[in-house]
Number of protein chains: 2
Amino acid sequence: MTASPTRDALVDAARDLFAERGYERTTLSQVAGAAGVLTGSLYHFFPSKSKLLEAVLESYLGGLDPLVMAPAFARSDDPVEQVFEVLADYRGRVLSTNFAYRCPIGSLALEIANEDDRACRLVDANFSAWKAAIRSRFELARKRFTKDVDTDALAALALTVMEGAVMQAAVQRSIEPFDLSISQFRNYVNSLMKKGSPI
Amino acid sequence: MTASPTRDALVDAARDLFAERGYERTTLSQVAGAAGVLTGSLYHFFPSKSKLLEAVLESYLGGLDPLVMAPAFARSDDPVEQVFEVLADYRGRVLSTNFAYRCPIGSLALEIANEDDRACRLVDANFSAWKAAIRSRFELARKRFTKDVDTDALAALALTVMEGAVMQAAVQRSIEPFDLSISQFRNYVNSLMKKGSPI
DNA sequence: GTCTATAGGCCGATAGAC
DNA sequence: GTCTATCGGCCTATAGAC
């Protein structure tokens, strides 16, 4: 809401700590400390830990297009390939964190489901926006599919595959299950496309 | 290890509470209370909360075949259909819990990753056993696939799809993203099989 | 093996000076 | 808006009687 450097620093710190350690394990004094203030100041901006979580989820929503989609889309002119560039970026996050990466939205989703309705709705908004961005790519490629493709279902599967693949890579501390899953998804998308217009 | 009614009750209670509320949100007095004892007794069997978590994950491992795979496998003689019966059971859990169901192993995976090495390895063991059971079904159907199918990759994708689909259903409080994802997975598996031997 | 009782610490949140 | 100081509570874990 308000543009305040302290507020921004608090949200940034909370976002990083929630992603690294989870919501419940992160204490407000850790958040305040990482932002360079004390908890008294934190409560000036956020009346509760839960409201801070909502601000973090809103920040993810705002960062989706500029930080997740746009950089991947920029690396290819082929809309279908753009989808796989997004997935390739997740692969890069898994590797660059030495398999510590977990999707922060997915992790929060499972941690707070049935506990925090407002936050859950914001997770839903993040998922919906993610799928809408991916779906738009498949829509652009509609002419190259052999049949009428359900781009809604394809986008849901893309998110499903990303979440499941990232989760398995983290547990196994190996990129193998990620690559196996994505390669199968690619096979499937290829199977839907006319020959001569491979991805 | 030791067969003790109290110990069993503690593990059962912990399993249910961890699944419902997560590991961090569950307190040991809740676990003890649900098992009908006090925390002093809990510490007779488990020297720490982390060791109780390990016992829970071992109990999931022991329950995988009799509770997850066998009932689904029993409903069909077709090994490929058996895979989809397993997924259908997850669908049933999502619906019967009014969308509160989240895969307890996947939830623990994301909650404890990078926090508890021993527990993480047990999550890995659960995932590996799940994939091995599914892979064995695809192996039994090997003759019906058109090409040499990578059953390892297919099993990894099956777990990926289950985890991602269950997660989305919980967030969206709707079965739609689950069904969309599974229907796409079924399309893919069908596309790998010889015509005249559909699932 | 189960109990009572409690240690010791950290947490979310608040009050109020500046 | 940021600080100091602290409340009240709950947590994991322990000690020791029975």
Side-chain angles (χ1 to χ4, degrees), chain A residues 1-57 59 107-108 111-112 114-120 122, chain B residues 1-57 59 107-108 111-112 114-120 122:
Chain A
M1 311 292 180
T2 320
S4 151
T6 301
R7 198 197 118 102
D8 290 347
L10 285 165
V11 173
D12 287 353
R15 189 180 50 231
D16 292 349
L17 285 164
F18 292 169
E20 191 188 334
R21 307 170 40 81
Y23 175 71
E24 204 67 27
R25 292 184 129 95
T26 298
T27 72
L28 293 177
S29 61
Q30 286 172 345
V31 173
V37 298
L38 295 179
T39 68
S41 304
L42 193 157
Y43 278 94
H44 175 71
F45 293 99
F46 305 99
S48 71
K49 192 181 181 184
S50 176
K51 290 292 177 186
L52 176 61
L53 171 61
E54 292 176 25
V56 165
L57 287 168
S59 126
S107 299
L108 289 171
E111 187 173 0
I112 67 177
N114 315 322
E115 299 283 347
D116 189 324
D117 261 4
R118 296 177 60 90
C120 201
L122 283 166
Chain B
M1 309 293 181
T2 319
S4 150
T6 300
R7 199 196 119 103
D8 291 347
L10 285 165
V11 173
D12 287 353
R15 188 181 51 230
D16 292 349
L17 285 164
F18 292 168
E20 190 189 335
R21 308 171 38 83
Y23 175 71
E24 203 69 26
R25 292 184 128 98
T26 299
T27 72
L28 293 179
S29 61
Q30 287 171 345
V31 173
V37 296
L38 296 179
T39 67
S41 304
L42 193 158
Y43 277 94
H44 175 71
F45 294 99
F46 304 100
S48 70
K49 191 181 181 183
S50 175
K51 290 293 176 186
L52 176 61
L53 172 61
E54 292 175 27
V56 165
L57 288 167
S59 124
S107 298
L108 288 171
E111 188 173 1
I112 67 176
N114 316 320
E115 299 282 348
D116 190 325
D117 263 3
R118 296 177 59 90
C120 201
L122 283 166

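Only this structure's heavy atoms are used, side chains among them; waters, hydrogens and symmetry mates stay out. Chain letters run A, B, ... following the sequence lines, proteins first and then strands; every chain starts at 1.
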Could you pull out all residues at least two apart from [X] that satisfy side-chain hydrogen bond (donor to acceptor under 3.5 Å, both in side chains)?
X         : result
Asp116(B) : Ser50(B)
Ser48(B)  : none
Ser29(B)  : Thr27(B)

- Task: Tell me what Thr26(B) touches on the nucleic acid: a base, only sugar-phosphate, or nothing, going by heavy atoms under 4.0 Å.
- Result: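 Thr26(B): backbone/sugar contact only, no base atoms under 4.0 Å.
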Of all the choices, [options], which nucleotide is nearest to the side chain of [X] once you look at every atom?
X        : options                  : answer
Thr6(B)  : dT2(D), dT2(C), dA13(D)  : dT2(C)
Lys49(A) : dT2(D), dG12(C), dT12(D) : dG12(C)
His44(B) : dG1(D), dT2(C), dG12(C)  : dT2(C)
Ser29(B) : dC11(D), dA13(C), dT2(C) : dC11(D)

- Message: Please give me every residue in residues 33-43 of chain A whose heavy atoms get under 4.0 Å of an atom in DNA chain D, ordered by residue number.
- Response: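 Going residue by residue through residues 33-43 of chain A, the ones with a heavy atom under 4.0 Å of DNA chain D turn out to be Val37(A), Leu38(A), Gly40(A), Ser41(A).
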- Task: Pull out every residue in residues 12-24 of chain A that has a heavy atom closer than 4.0 Å to any atom of DNA chain D, ordered by number, or say none.
- Result: none
- Could you name each residue pair satisfying salt bridge (charged side-chain N to carboxylate O under 4.0 Å, His left out) that touches residues 29-44 of chain A, not counting sequence neighbours? none
Tell me the interatomic distance from [X], atom [atom1], to [N], atom [atom2], rounded to whole angstroms.
X        : N       : atom1 : atom2 : answer
Leu28(A) : dG9(D)  : CG    : P     : 19 Å
Lys51(A) : dG12(C) : NZ    : C1'   : 16 Å
Phe46(B) : dC11(D) : CZ    : C1'   : 19 Å
Asp8(B)  : dG1(C)  : CG    : P     : 12 Å

Determine all donor-acceptor pairs shorter than 3.5 Å in which one atom belongs to a side chain in residues 11-22 of chain B; sequence neighbours excluded.
unit_1, atom_1, unit_2, atom_2, d
Asp12(B), OD1, Arg15(B), NH1, 3.4
Asp12(B), OD1, Arg15(B), NH2, 3.0
Arg15(B), NH1, Ser59(B), OG, 2.7
Arg21(B), NH2, Arg25(B), O, 3.1

- Message: So, taking the atom named OH in Tyr23(A) and the one named CG in Leu53(A), what distance separates them when rounded to the nearest 0.5 Å?
- Response: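 Between Tyr23(A) OH and Leu53(A) CG, I get 5.0 Å after rounding to 0.5 Å.
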- Message: Can you list everything that forms a side-chain contact (heavy atoms from CB on, under 4.5 Å) with Ala9(B)? Sequence neighbours excluded, please.
- Response: Ala35(B)
Residues 40-47 of chain B side chain polar contacts: donor-acceptor under 3.5 Å, at least two apart:
none

- Item | Residue whose nearest DNA chain C nucleotide is more 5′ - Pro47(A) or Gln30(A) |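 Comparing both residues, the 5'-ward one is Gln30(A).
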- Message: Which heavy atom of Ile112(A) sits nearest to which heavy atom of Cys120(A), and what is that distance?
- Response: CD1-N, 4.0 Å
